[in-house]
Amino acid sequence: QVQLQESGGGLAQAGTSLILSCSASGRTLSPWTMGWFRQAPGQGRTFVGAVTSSGHTEIADSVRDRFTISRDNAKNMMYLQMNNLKPEDTAVYSCAAKLDHLNRYPWWGQGTQVTVSS
């Protein structure tokens with residue numbers, strides 16, 4: 001079974017930066033895609049970004065100019081670099097994984113809280 005664990009969340013001031021990490025353990029997914037999702041209080045879960053096995057990235061329109069996603073396959077790690085944080089970025093951020101060809105993400109982490117104060 002693939003296990004995912006997020007880290008790096010916390011409290012940040014608006015305009016600052018924060019890096020989230022996702023560590024994967026267990027069975028290796030190859031080829032596989034890893035993605036970031038977030039859920040604000042009282043809201044549904046939304047797509048933030050993803051990176052495929054080849055390193056191709058996709059970022060949601062709402063954060064494209066401020067967030068970047070990357071991965072380190074040797075370390076089984078994925079990162080979300082968040083710049084110029086805004087209060088609207090406050091949410092629980094979760095990482096997820098799937099095989100490249102799948103339409104859905106079967107494997108999920110527990111989530112990490114990001115709170116941005118103004």
Which atom pairs, donor and acceptor, lie under 3.5 Å between side-chain atoms of residues 8-19 and protein residues at least two apart or in another chain?
residue, atom, partner, partner atom, Å
Gln13, OE1, Ser117, OG, 3.2
Gln13, NE2, Ser117, OG, 3.3
Thr16, OG1, Gln13, O, 2.6
Ser17, OG, Asn83, OD1, 2.9

Practice prompt. Starting from the C-alpha separation in whole Å, work towards a yes-or-no answer on side-chain contact (heavy atoms from CB on, under 4.5 Å) for Lys86 and Val116.
Written response: CA-CA 6 Å; Lys86 304 177 183 298; Val116 183; 5.5 Å; no

Any side-chain heavy-atom pair of [X] and [Y] under 4.5 Å:
| X | Y | answer |
| --- | --- | --- |
| Cys22 | Trp36 | yes |
| Arg38 | Val63 | yes |
| Gln110 | Glu6 | yes |
| Tyr79 | Thr68 | no |

Kindly give the heavy-atom pair with the smallest separation between [X] and [Y], and that separation in Å.
| X | Y | result |
| --- | --- | --- |
| Ser62 | Arg66 | O-NH2, 4.0 Å |
| Ser94 | Gly111 | OG-CA, 3.5 Å |
| Asp89 | Asn84 | OD2-O, 4.5 Å |
| Ala97 | Pro106 | O-CD, 3.3 Å |
| Gly35 | Met78 | O-CE, 3.4 Å |

Item to complete: Output all residues satisfying side-chain contact (heavy atoms from CB on, under 4.5 Å) with Ser118, sequence neighbours left out; order by chain, then residue number.
Response: Pro87

For the backbone of [Y] and the side chain of [X], can you confirm whether one donor and one acceptor N or O come within less than 3.5 Å of each other?
| X | Y | value |
| --- | --- | --- |
| Arg71 | Thr52 | yes |
| Arg64 | Ile59 | yes |
| Gln39 | Val92 | no |

Response to the item:
Residues at least two apart in sequence or cross-chain that pass ring-ring contact (aromatic ring centres under 6.0 Å, His included) with Phe37, listed by chain then number, are Phe47, Tyr105, Trp108

Once you round to the nearest 0.5 Å, how far does [atom1] of [X] lie from [atom2] of [Y]?
| X | Y | atom1 | atom2 | value |
| --- | --- | --- | --- | --- |
| Leu99 | Asn103 | CG | CG | 11.5 Å |
| Ser23 | Asn76 | OG | CG | 7.0 Å |
| Leu20 | Phe67 | CG | CZ | 8.0 Å |
| Asn73 | Ser53 | CG | OG | 8.0 Å |

Worksheet item: Taking it one step at a time, do Thr90 and Gln113 satisfy side-chain contact (heavy atoms from CB on, under 4.5 Å)?
Response: CA-CA 8 Å; Thr90 295; Gln113 176 71 46; 4.0 Å; yes

Worksheet entry | Verdict with reasoning, Met34 to Ile69, per side-chain contact (heavy atoms from CB on, under 4.5 Å) | CA-CA 10 Å; Met34 299 185 72; Ile69 189 170; over 6 Å; no

Worksheet item: Can Asp100 and Thr33 be said to form a side chain to side chain donor-acceptor pair (under 3.5 Å), step by step?
Response: CA-CA 5 Å; Asp100 281 347; Thr33 293; 2.6 Å; yes

Worksheet item: What's the verdict on side-chain contact (heavy atoms from CB on, under 4.5 Å) for Leu4 and Val2, showing C-alpha distance, side-chain angles and the deciding distance?
Response: CA-CA 7 Å; Leu4 305 173; Val2 175; 4.1 Å; yes

